[in-house]
Every structure is written in structure tokens, then in C-alpha cells.
Enquirer: 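Here's a structure for you.
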Amino acid sequence: MADVTTKKRPLLRALASGAAARCPNCFRGPMFSGFLRVREQCDHCGEALHHHRADDAPPYFVVFIVGHVVVALALAMELALVPPLWVHMALWLPLTVAMSLILLRPAKGATVALQWALGMHGFDPDAPEAADKSVDSAWR
Ligand SMILES: [Zn+2]
């Protein structure tokens, strides 16, 4: 008989749900309460989302993606057309800012969902949550 707490979590579906700013567990509830602030728990299913430790990973992914796209386009344009510098600034600076703002939220949602699907940090349903409480209660 399978233990309910050890069920496998769907990685790809969770990533897609997280990138869409939805709860990785029910795929319906919103993950964020602000632009990048992750909710304490899902409003729809009650899944705890506060365990995430996204930290610098989402901005790193965004810089990696945007850098590769913008630098490749700027180099291609420079080689093909040799435009003046102001054309580069007028094109690539707004594109860099826009792409960064557009990609940051999906990157953070997918990072949180990845941590949830892999059971990282406090997302592991089999983790002994009583460890912290027992230490805490030992000092009282
Ligand atoms: Zn949910």
C-alpha cells in the first residue's frame, strides 16, 4: 500500500504551472501576492508555498537568457548593418529592460515550482517537521 505522503510530484506540469504564476500543487491558485512576493500558502488548495528559497536563481536565469538573446541580436545587427551607436542604445536597452521584467516572474514561479516538485527545503512532505519544534520545546 502506497503511502500518501510519498506520492510523486509532476515536474513538468509543476514547472509550467509555476511559470504561469499558479500553484504547483493544484495549478489553479495564484502563486504570487505581488509582482514577485510568493504567497504563504495557496488560496485554492492550502499548499504551503513559504518554504521556497528562490533567492538569486530567477534573476540569474533571466540574465542568462536575456544576455544571450540581446547580445546575439546586437552582434548580428552590427555585422549586417553597422548602425550608429545611438541605434544600438535605442533598440537594445529597452529590449533588455522589457525582457527582464517579462521573464522575471515566470522564472521565479518556475524556480519555486521546481523546488516544490523536487521536495527541496521545506517542500518535502516526508521531512520531519517536528525536529525544529522539538528543539524549540526543549528550551522552554
Ligand atoms: Zn494550490
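For ligands, and for the atoms within them, numbers begin at 1 and follow the listed sequence. Side chains included, hydrogens not; waters and symmetry mates left out as well; all remaining heavy atoms used.
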Enquirer: Could you grab the angle centred on the Zn ion (ligand 1), going from SG in Cys42 to SG in Cys26, to 10°?
Expert: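 Rounding to the nearest 10 degrees gives 100°.
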
Enquirer: Quick one: angle Cys45 SG - the Zn ion (ligand 1) - Cys23 SG, to the nearest 10°?
Expert: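 The SG/SG angle about the Zn ion (ligand 1) sits at 110°.
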
Enquirer: Using 0.5 Å steps for rounding, measure from the CG atom of Leu85 to the CD atom of Glu78.
Expert: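 If I round to the nearest 0.5 Å, the distance is 9.0 Å.
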
Enquirer: Taking both backbone and side-chain atoms into account, decide whether His44 has an N/O/S atom under 2.8 Å from the Zn ion (ligand 1).
Expert: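 No - counting backbone and side chain alike, His44 has no N, O or S atom under 2.8 Å.
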
Enquirer: Is Ser17 reaching over with its side chain to a backbone N or O of Arg22, donor-acceptor style, under 3.5 angstrom?
Expert: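 Judged by distance alone, yes, a pair lies under 3.5 Å.
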
Enquirer: Below 4.5 Å, heavy atoms only, C-beta onward: do Val38 and His50 meet side chain to side chain?
Expert: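 No, every pair of side-chain atoms sits at 4.5 Å or beyond.
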
Enquirer: Could you tell me the separation between the CD atom of Glu40 and the NE2 atom of His51, rounded to the nearest 0.5 Å?
Expert: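 If I round to the nearest 0.5 Å, the distance is 9.5 Å.
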
